[in-house]
Number of protein chains: 2
Amino acid sequence: MISVAIVEDLEDIRNPLFEFISTREEFICNIAVESVEDFLKAADKNDFPVDVILLDIGLPGISGLNAIKLIKEKLPDVNIIMLTVFDDSDKIFGAIQAGAVGYLMKNTPLEKIKQAIIDTYNGGTTLSPEVARKLLNFFEKPKSKIESQLTEKEKQIVACMVDGQSFKMIAANLGNTLETIKSHAKNIYRKLHVNSKAEVIAKSFRGEI
Amino acid sequence: MISVAIVEDLEDIRNPLFEFISTREEFICNIAVESVEDFLKAADKNDFPVDVILLDIGLPGISGLNAIKLIKEKLPDVNIIMLTVFDDSDKIFGAIQAGAVGYLMKNTPLEKIKQAIIDTYNGGTTLSPEVARKLLNFFEKPKSKIESQLTEKEKQIVACMVDGQSFKMIAANLGNTLETIKSHAKNIYRKLHVNSKAEVIAKSFRGEI
DNA sequence: TTCACAATCCCACCTTTGGGGGATTAGGTT
DNA sequence: AACCTAATCCCCCAAAGGTGGGATTGTGAA
């Protein structure tokens with residue numbers, strides 16, 4: 001019997017999923033929670049080892065993406081299948097690199113989800129067709145970088161931000177005043193549609209710049 | 001209606017496959033041949049554009065693997081699904097790099113092959129679970145051995161920081177006060193020898209946490 | 001039983017950052 | 001000439017972040 005956990009904030013999705021899985025004789029579902037925080041708590045109390053986790057990628061609070069690393073530290077051998085409504089390739093690659101082994105759209109028929117859990121448990125993996133094609137495309141030809149809309153100077157400043165430098169340090173390093181760097185930062189935020197240095201750094205590391 | 005071609009030397013496999021596909025109303029099969037050479041000849045004479053090819057990877061003469069390149073020169077937009085009896089990762093990667101978009105074991109049930117053809121035609125792809133897992137393992141980051149000195153709670157907060165969240169947002173998401181998060185942040189900075197959120201995010205993305 | 005430490009919260013004070021205005025200069029386009 | 005943009009700098013003010021102190025509770029190890 002395969003022990004399955006569900007981490008999904010929307011009741012309309014979590015409840016039918018729980019209903020389905022807990023009534024299959026192949027599965028047992030001791031954990032069906034709405035957040036990563038709740039899952040980590042539940043996993044501590046649970047006697048059954050968790051075999052497979054169905055994890056929403058877009059959870060509020062700790063996102064499913066960041067949760068993978070946290071969960072794998074606690075449960076290194078668990079198989080994580082990501083659930084998503086979007087076909088978001090950035091998140092797909094993030095999830096894969098973090099160690100997820102499956103990636104399904106939420107509208108996947110229940111019978112296919114069942115098969116995916118079984119395949120995953122047996123060391124296979126299930127990707128929705130769109131996700132699989134994205135992976136193959138990655139291999140076929142090195143991805144063409146999206147031409148950044150940032151100017152040369154702005155890219156330099158982003159690079160300094162990514163190093164963890166304060167505006168003051170950036171100004172010193174690039175030979176400008178603090179005000180100049182602040183001014184550039186404002187323009188960078190506008191172009192990237194963000195409003196903090198933290199978001200710029202995150203975007204940069206995700207390859208979105 | 002999807003035009004499907006079959007290139008497979010073994011009659012025991014080719015004939016049932018042809019029987020199945022040509023009797024589905026979704027498909028038409030004008031080409032069911034035993035070699036790549038025959039396929040290329042048939043493709044010239046055929047009026048129907050070929051949409052999907054089921055191609056044996058281990059053909060005598062020109063192998064399926066080498067055939068991909070040849071076929072794609074003549075029919076650049078065709079979708080090639082490889083058929084194999086072996087779970088041979090070298091051949092898998094070769095086929096993918098050459099431009100195949102699907103990879104199925106020959107013992108795959110006919111209904112799944114049907115679905116794979118439809119998915120492939122619609123821009124998706126189908127990999128058998130074992131093949132998919134191999135691909136994912138290729139992408140997965142080797143996990144760092146450095147045991148994090150951060151507590152569970154602290155790791156959660158770092159995960160939120162990495163998402164670009166403000167302390168206020170983190171407090172709301174984790175159900176704490178702002179002061180609690182600030183207090184944890186202080187401890188995180190001390191443990192990681194940094195003094196800003198930006199540095200924590202940078203460290204995290206570099207896998208140094 | 002002490003002791004350490006994680007987790008929770010609070011206050012005060014200061015620095016950094018973000019958003020809203022500007023301005024000037026230099027370089028190109030139309 | 002009129003216009004745009006990049007790059008440089010300035011001011012002000014509010015929001016967010018960082019630092020240095022606390023306090024309390026609970027758990028688990030020495």
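FYI, side chains are in, hydrogens and waters are out, and symmetry mates aren't considered; it's all heavy atoms of this structure. Here is how names work: the chains are called A, B, and so on, in the same order as the sequence lines, proteins then strands, and each is numbered from 1.
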Q.
Between A/Glu25 and A/Met1, is the side chain to side chain contact (heavy atoms under 4.5 Å, CB included) condition met? List the steps.
A. CA-CA 8 Å; A/Glu25 62 181 12; A/Met1 203 152 68; over 6 Å; no
Q) Can you find a heavy atom in the side chain of B/Ile2 that is under 4.5 Å from one in the side chain of B/Val52? A) yes
Q | B/Phe205/A/Val162 under side chain to side chain contact (heavy atoms under 4.5 Å, CB included): CA gap, chis, key distance, verdict | A | CA-CA 10 Å; B/Phe205 272 106; A/Val162 166; over 6 Å; no
(Q) Strictly below 4.0 Å: does A/Asn176 bring a side-chain N or O up to OP1 or OP2 of D/dA7? (A) no
Q | Check ion pair A/Arg14-A/Asp56 (N to O, under 4.0 angstrom) | A | no
Please write out each protein N/O paired with an N/O of nucleotides 24-26 of chain D under 3.5 Å, distance rounded to 0.1 Å.
none

**Q.** Atom-to-atom span, CD1 of A/Ile170 to C1' of D/dA7 - whole angstrom
**A.** 16 Å
Q.
Rounded to whole Å, please give me the gap between CD in A/Glu152 and C1' in D/dT5.
A. 16 Å
Q.
Rounded to whole Å, how long is the line connecting atom CE of A/Met169 with atom P of D/dG18?
A. 13 Å
Q: In whole angstrom, give the distance that lies between atom CD of A/Glu154 and atom P of D/dA6.
A: 7 Å
Q) Between D/dC9 atom C1' and A/Ile157 atom CD1, what is the distance in whole Å? A) 13 Å
(Q) Closest-nucleotide mapping onto DNA chain D: is A/Lys191 or A/Thr177 further toward the 5' terminus? I mean the 5' end. (A) A/Lys191
Q: Check whether NZ of the Lys or CZ of the Arg B/Lys197 lies under 6.0 Å from the centre of the six-membered ring of B/Phe167 and within 45 degrees of that ring's axis.
A: yes
**Q.** Test item: B/Lys114 and B/Leu110 side chains (from C-beta on) under 4.5 Å apart, heavy atoms
**A.** no
Q. Could you give the angle between the helix axes at the two ends of the helix from C/dT1-D/dA30 to C/dG28-D/dC3, with five pairs per end, rounded to 10 degrees?
A. 50°
Q) Given side chains that start at C-beta, do those of B/Leu178 and B/Ile170 come closer than 4.5 Å, heavy atoms only? A) no
Q.
Please report the distance, rounded to the nearest Å, between CG in A/Asn187 and P in D/dT5.
A. 11 Å
(Q) Is there a side-chain contact between B/Thr151 and the phosphate of C/dA7, meaning an N or O under 4.0 Å from OP1 or OP2? (A) yes
Q | Sequence-distant partners of B/Lys153, salt bridge (Lys or Arg N to Asp or Glu O under 4.0 Å), two or more places apart | A | none
(Q) Is there a side-chain contact between B/Phe39 and B/Ile53 in this structure, where contact means two heavy atoms from C-beta onward sitting under 4.5 Å apart? (A) yes
Show the distances under 3.5 angstrom between N or O atoms of the protein and N or O atoms of nucleotides 23-28 of chain C.
none

Q) Among all residues two or more places apart in sequence or in another chain, which pass the salt bridge (Lys or Arg N to Asp or Glu O under 4.0 Å) test with B/Lys112? A) none
Q: Determine, stepwise, if the pair A/Ile80 / A/Met82 fulfils side chain to side chain contact (heavy atoms under 4.5 Å, CB included).
A: CA-CA 6 Å; A/Ile80 299 175; A/Met82 306 306 290; 3.7 Å; yes
Under 3.5 Å, which N/O atoms of the protein pair with N/O atoms of nucleotides 15-18 of chain C?
unit_1: C/dT16; atom_1: OP1; unit_2: A/Lys168; atom_2: NZ; d: 3.2
unit_1: C/dT16; atom_1: OP2; unit_2: A/Lys168; atom_2: NZ; d: 3.0
unit_1: C/dT17; atom_1: OP1; unit_2: A/Lys197; atom_2: NZ; d: 2.6
unit_1: C/dT17; atom_1: OP2; unit_2: A/Phe167; atom_2: N; d: 3.0
unit_1: C/dG18; atom_1: OP1; unit_2: A/Tyr189; atom_2: OH; d: 3.4
unit_1: C/dG18; atom_1: OP1; unit_2: A/Lys197; atom_2: N; d: 2.7
unit_1: C/dG18; atom_1: OP2; unit_2: A/Tyr189; atom_2: OH; d: 2.5
unit_1: C/dG18; atom_1: O6; unit_2: A/Lys182; atom_2: NZ; d: 2.8

Q) Any side-chain heavy-atom pair from A/Ile157 and A/Glu154 closer than 4.5 angstrom? A) no
Q: Using only side-chain N and O atoms of B/His184, determine if any of them is under 4.0 Å from OP1 or OP2 of C/dA6.
A: no
Q. Could you walk me through whether B/Ile68 and B/Leu55 pass the side chain to side chain contact (heavy atoms under 4.5 Å, CB included) check?
A. CA-CA 9 Å; B/Ile68 297 171; B/Leu55 179 61; 4.1 Å; yes
Q: Nearest whole angstrom, please: distance from the C1' of C/dT8 to the CD1 of B/Ile188.
A: 14 Å
Q.
Without decimals, in angstroms, what is the distance between B/Leu174 CG and C/dC9 P?
A. 11 Å
Q. Tell me, do A/Ile6 and A/Cys29 make a side-chain contact under 4.5 Å, heavy atoms counted?
A. yes
